[in-house]
Amino acid sequence: MAIIDGVEAYNRVPRATVDFWLIKLMAVTVGETAADFLALNMGIGLQTTTIIMMVVLAIAIGLQFSRRRYVPWTYWLAVVLVSVVGTLITDNLVDTFGIPLETTTIGCTILLALTFGAWYASEKTLSIHTIVTTRREIFYWLAILFTFALGTAVGDYIAETLGLGYLATGGLFAAIIALIAVAHFVFKADAILTFWLAYILTRPLGASFGDLLSQPMEYGGLGLGTIITSAIFLAVIAGLVIYMSLMAPRRDASAA
């Protein structure tokens with residue numbers, strides 16, 4: 001909680017706890033598999049799917065912004081949909097417009113850097129613990145969108161263009177995230193920097209394992225398909241959101 005113009009304001013996003021990282025990883029995996037399911041398996045097409053999901057995301061974001069404090073189900077609904085849309089944006093740039101993954105990666109990196117730059121210039125902080133105004137929340141969700149798009153591009157580039165494969169790519173990003181965790185907890189590296197680095201890299205980590213589970217065996221996957229993979233992770237997300245909703249009052253009381 002913070003005091004803004006003499007009024008108590010609650011943080012609108014969750015703290016980075018263990019359950020936060022678990023559900024975030026599940027959400028990015030669903031973003032990868034659900035985007036493939038809608039665009040390919042259901043035959044809607046990439047561009048039509050993107051338009052539909054952008055409209056759905058706009059509704060979810062509107063619902064999220066109508067809250068003045070963190071509400072688990074509205075927040076995580078928005079995260080899952082941002083993950084889907086972020087994946088679709090990258091897929092459109094590459095598959096529809098023929099932009100190479102290297103260029104897409106660079107472009108998304110620049111957009112994310114500009115977002116962080118504008119955010120810091122305006123608010124003098126990039127902390128997720130002080131998302132207590134609408135302006136800060138706008139910067140926050142823009143950053144989230146670009147991290148998902150960037151993570152998709154990086155993961156696809158390493159797994160497919162460089163030919164590392166889904167399992168090895170997932171292992172690579174897991175190792176990098178582990179090093180970031182060591183840098184933060186052992187060597188006391190800046191908490192805000194390490195948070196955002198880990199947040200970006202969980203996207204290609206989750207996407208790699210999503211592809212590993214869902215893609216056919218001839219393409220290096222386990223062949224579970226997008227329907228089963230999405231259903232499994234959505235069920236896990238639902239369970240974690242229920243748990244977060246039950247725990248939220250206790251955490252608020254503890255924070256107070």
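Being a predicted model, the structure only gives us computed values, none of them experimental.
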same_hphob_cluster(V18, V28) at 4.5 Å side-chain heavy-atom cutoff: yes
Minimum heavy-atom distance between A34 and S230, given as atom pair plus value: N-OG, 3.6 Å
For the student: nearest non-hydrogen atoms of G170 and L205, plus distance: O-CD1, 3.1 Å
T90 side chain vs A149 backbone, donor-acceptor pair below 3.5 Å: yes
Student check: side-chain heavy atoms of Y10 and I131 closer than 4.5 Å: no
Separation of L145 CG from Y140 OH (nearest 0.5 Å): 12.5 Å
Validation row: Y157, T104 side chains within 4.5 angstrom (heavy atoms): no
Hydrophobic cluster identity match, L193 and I144, side-chain contacts under 4.5 Å: yes
Criterion side-chain contact (heavy atoms from CB on, under 4.5 Å) on F65 and W141, from CA distance to verdict: CA-CA 10 Å; F65 272 79; W141 286 106; 3.7 Å; yes
Side-chain donor/acceptor of T103 to backbone N/O of I99, under 3.5 Å: no
Side chain N11, main chain R69, donor-acceptor under 3.5 Å: no
The single option from T29, T87, T147 passing side-chain hydrogen bond (donor to acceptor under 3.5 Å, both in side chains) against R203: T87
Side-chain heavy-atom pair T109, L112 within 4.5 angstrom cut-off: no
Heavy-atom pair with the smallest gap, counting every atom of T194 and I180: O-CG2, 3.6 Å
Ring centers of Y75, Y70 separated by less than 6.0 Å: yes
Donor-acceptor contact below 3.5 Å, side chain S122 vs main chain A118: no
I232 CD1 to M26 CE distance, which is reported to the nearest 0.5 Å: 10.5 Å
side-chain contact (heavy atoms from CB on, under 4.5 Å) evaluation trace for W196 with F116: CA-CA 10 Å; W196 283 112; F116 281 141; 3.6 Å; yes
Check: V79 and F148 side chains under 4.5 Å, non-hydrogen atoms: yes
Spatial distance of atom OG (S208) from atom CD1 (I158) [nearest 0.5 Å]: 8.0 Å
Aromatic ring proximity, centroids under 6.0 angstrom, F195 and W21: yes
I59 reachable from L142 in the ILVMFWY side-chain graph, under 4.5 Å edges: no
Which atom of F173 lies closest to which atom of G155, heavy atoms considered: CE1-CA, 4.3 Å
Side-chain heavy-atom pair V132, R12 within 4.5 angstrom cut-off: no
From CG (D156) to CG (D91), nearest 0.5 Å: 6.5 Å
Whether Y199 and F20 hold their rings parallel, tilted or perpendicular, with breakpoints at 30° and 60°: tilted
E102 atom CD: more than 12 heavy-atom contacts under 6.0 Å: yes
Same apolar cluster (I L V M F W Y, side chains within < 4.5 Å links), M54/V84: yes
Any T33 side-chain heavy atom under 4.5 Å of F233 side chain: no
R136 vs L126 side-chain heavy atoms within contact, under 4.5 Å: no
Exercise: identify the closest heavy-atom pair between T105 and A153: OG1-CB, 3.5 Å
Atom pair CG/OG1 of L57 and T50 - distance to nearest 0.5 Å: 11.5 Å
Residue pair I61 / A78: nearest heavy atoms and the distance that separates them: CD1-CB, 4.1 Å
Expected output: side-chain S83 to main-chain A27 donor-acceptor under 3.5 Å: yes
Hphob cluster co-occupancy, F185 + F187, side-chain heavy atoms under 4.5 angstrom: no
Side chain proximity check, M244 to W73, heavy atoms < 4.5 angstrom: no
NE2-CD1 distance between H184 and I192, expressed to the nearest 0.5 angstrom: 11.0 Å
